[in-house]
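Treat the numbers as computed from the prediction; the structure is a model and nothing was measured. Order of appearance sets the numbers: ligands from 1, and atoms from 1 within every ligand.
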Amino acid sequence: MYNGPAGIAGMGVYVPEKILTNSELEKIVDTSDEWIRTRTGIVERRVVEGDTATSDLAVPAAKAALEDAGVHIDEVDLILVAASTPDMIFPSTACLVQKKLNSKGAAAFDLQAACTGFVYGLTVASQFIETGMYKTVLFIGADAFTRHINWKDRGTCILFGDGAGAFVLRRAEKGYGLLSSYLAADGSGADLLKIPAGGSCHPGSEQSIKEGLHYVYMNGSEVFKFAVRVFPEAVQKALDKAGLTVDDIDYLVPHQANIRIINSGAERLGISKEKVVVNLDRYGNTSTASIPLALYDLYKTGSLKRGDVLVFVGYGAGLTWGANVVRWY
Ligand code: UT7
């Protein structure tokens, strides 16, 4: 049964305090501020310290979203966390967040779609509202990617940062909220971006540590080519499903992986730069948190108007990619 669209009733974000600049990276790995800026667009990123885990980033973002929506935690029916870097294999990060929020009644589970996790998760979370199964869903994208980085690998350590973003989802008026989603995957590209160890394939062992299998591995140029290809395709497919065109977009909010991917996607779609939200210069690639962190920049400055059409587009390990079309209300 279709019960009406899901809408964003409240939003919150959180980033750790510590800033790691390109100049500081120059001191630990063979790179330069100039190379990072021109090849990626990144200037600095936020990084966790000590034993801070993904759930520690998710909780303040979730609290801010609940406050923004004026919703008490007891009203939340489901906590869904999209995380590429969960606290542990199990229990789910969603259950750890539930505990830290002192939520008693809500269901809780994680969703894994790597850097496309926010787009996949928003689609899944919304369906609980659309079917009428739940009234209030707390959906969080959170990642502490830098906990898995090999700081000697200049192909990855310059890219990632940590952060979290959360939505409180509730039913929206007809014609508003989530209008459409397009999701895709191609497991034949699974080897291009991964953390090989820590799962049942290579459980953590002396050997796995020795071989560095617990770090993020990425074939950067292949992932780059993939991202450039799927970005415009995903946006176009989601727009088609919503019965809209590129001209209807007020803001394109892409996953923040590399400015060259974003510029290429925007150019191929024929969308002007003013409509494309970019903040990767300050945060780098925060995986599942990058779309809400970028959206929040618009939200907090009051730039979003009722009726604005927003498109979220994500791509990442799996390989996975997809897009959501949302009408703001
Ligand atoms: O969120 C999930 C999705 N992830 C992505 O979308 C990331 C996609 N990939 C990328 O953004 C880019 O591939 C990178 C930024 C990772 C790399 O940029 P690139 O333009 O593809 O560089 P490349 O790997 O083709 O390397 C070009 C050169 C190489 O040197 P040689 O062989 O030409 O002498 C690299 O060794 O740049 C060198 N290089 C660096 N130099 C300075 C690679 N990384 C660095 C670095 N600093 N950090």
**Request:** Check each of Thr52, Thr146, Thr85 against Asp162 using the side-chain hydrogen bond (donor to acceptor under 3.5 Å, both in side chains) test, and report the only one that passes.
**Result:** Thr146
**Item:** Which residue and heavy atom of the protein sit nearest atom 3 (C) of ligand 1, plus the separation
**Value:** Val223 CG1, 3.7 Å
**Request:** Can you confirm whether something in the protein, heavy atoms only, sits under 4.0 Å from atom 33 (O) of ligand 1?
**Result:** no
**Request:** Keeping the roles fixed (side chain from Thr288, backbone from Phe118), state whether a donor-acceptor pair exists under 3.5 Å.
**Result:** no
**Request:** For atom 40 (C) of ligand 1, decide whether some protein heavy-atom distance is shorter than 4.0 Å.
**Result:** yes
**Request:** Return a yes/no value: protein heavy atom under 4.0 Å from atom 47 (N) of ligand 1?
**Result:** yes
**Prompt:** What class does the angle between the rings of Tyr329 and Tyr176 fall in, given that below 30° is parallel, 30 to 60° is tilted and above 60° is perpendicular?
**Reply:** perpendicular
**Prompt:** Given the rule in the ring-ring contact (aromatic ring centres under 6.0 Å, His included) test, do Tyr299 and Trp328 qualify, once you have shown the distances and angles that lead to the verdict?
**Reply:** CA-CA 11 Å; Tyr299 184 56; Trp328 194 252; 5.7 Å; yes
**Asked** What is the closest protein heavy atom to atom 14 (C) of ligand 1, and at what distance does it sit?
**Response** Asn258 ND2, 4.5 Å
**Prompt:** Just by distance, do the side chain of Asn279 and the backbone of Leu293 share a donor-acceptor pair under 3.5 Å?
**Reply:** yes
**Asked** In terms of residue, atom name and distance, what is the protein heavy atom nearest to atom 38 (C) of ligand 1?
**Response** Arg154 NH2, 3.7 Å
**Message:** Please check this pair: side chain of Tyr217 against backbone of Leu193, looking for a donor-acceptor N/O pair closer than 3.5 Å.
**Reply:** no
**Prompt:** Quick one: which ligand 1 atoms are inside 4.0 Å of a heavy atom on Ser221?
**Reply:** 13 (O)
**Prompt:** Just by distance, with hydrogens left out, do Thr54 and Thr93 show a side-chain donor and acceptor under 3.5 Å apart?
**Reply:** no
**Prompt:** Checking Thr116 side chain against Gly316 main chain: does a donor-acceptor pair fall under 3.5 Å?
**Reply:** yes
**Prompt:** Can you find a protein heavy atom closer to atom 44 (N) of ligand 1 than 4.0 Å?
**Reply:** yes
**Request:** Might you confirm whether atom OH of Tyr2 has over 12 heavy atoms from other residues, nucleotides or ligands at distances under 6.0 Å?
**Result:** yes
**Request:** Just jot down the ring pair (Phe, Tyr, Trp, His ring centres under 6.0 Å) partners of Phe160, sequence neighbours excluded, or say none.
**Result:** Phe145
**Message:** I'd like to check whether Thr40 has a polar contact with ligand 1, where a contact means an N/O of the residue lying under 3.5 Å from an N/O of the ligand.
**Reply:** no
**Prompt:** Ile261 heavy atoms, cut-off 4.0 Å: which ligand 1 atoms fall inside?
**Reply:** 6 (O)
**Item:** Element-labelled atoms of ligand 1 that are located less than 4.0 Å from some non-hydrogen atom of Arg260
**Value:** 18 (O), 19 (P), 20 (O)
**Asked** Quick one: does Leu159 get a heavy atom under 4.0 Å from ligand 1?
**Response** yes
**Message:** Show the atoms of ligand 1 that are less than 4.0 angstrom away from any heavy atom in Arg39.
**Reply:** 20 (O)
**Request:** Give the single entry among Phe226, Trp35, Trp321, Phe231 that approaches atom 42 (C) of ligand 1 most closely by any heavy atom.
**Result:** Trp35
**Request:** Measure up the Phe226 and Trp321 rings against each other and bin them: parallel (under 30°), tilted (30 to 60°), perpendicular (over 60°).
**Result:** perpendicular
**Request:** Report the member of Ala227, Gly220, Gly318, Gly316 with the shortest heavy-atom distance to atom 13 (O) of ligand 1.
**Result:** Gly220
**Item:** Under-4.0 Å heavy-atom contact between protein and atom 29 (C) of ligand 1
**Value:** no
**Message:** In the complex you have, is atom 36 (O) of ligand 1 within reach of the protein, judged by whether a heavy-atom distance drops under 4.0 Å?
**Reply:** yes
**Item:** Ala317 backbone acceptor or donor facing Lys194 side chain under 3.5 Å
**Value:** no
**Asked** Of all the atoms in ligand 1, which lie at a distance below 4.0 Å from a heavy atom belonging to Asn285?
**Response** 1 (O), 2 (C)
**Request:** Please answer whether the main-chain N or O of Val137 pairs with a side-chain N or O of Asp77 as donor and acceptor at a distance below 3.5 Å.
**Result:** no
**Item:** Element-labelled atoms of ligand 1 that are located less than 4.0 Å from some non-hydrogen atom of Leu193
**Value:** 2 (C)
**Request:** Output the list of atoms in ligand 1 that are nearer than 4.0 Å to some heavy atom of His255, sorted by atom number.
**Result:** 1 (O), 2 (C)
**Prompt:** Going by the order shown, which atoms of ligand 1 are within less than 4.0 Å of some heavy atom of Ile158?
**Reply:** 48 (N)
**Item:** For atom 16 (C) of ligand 1, the protein heavy atom that lies nearest, with its residue and separation
**Value:** Gly155 O, 3.6 Å
**Asked** Protein heavy atoms: any of them under 4.0 Å from atom 19 (P) of ligand 1?
**Response** yes
**Request:** Verify, without hydrogens or angle tests, whether Ser290 (side chain) and Asn285 (backbone) share a donor-acceptor contact under 3.5 angstrom.
**Result:** no
**Prompt:** What is the closest protein heavy atom to atom 2 (C) of ligand 1, and at what distance does it sit?
**Reply:** Cys115 SG, 3.5 Å
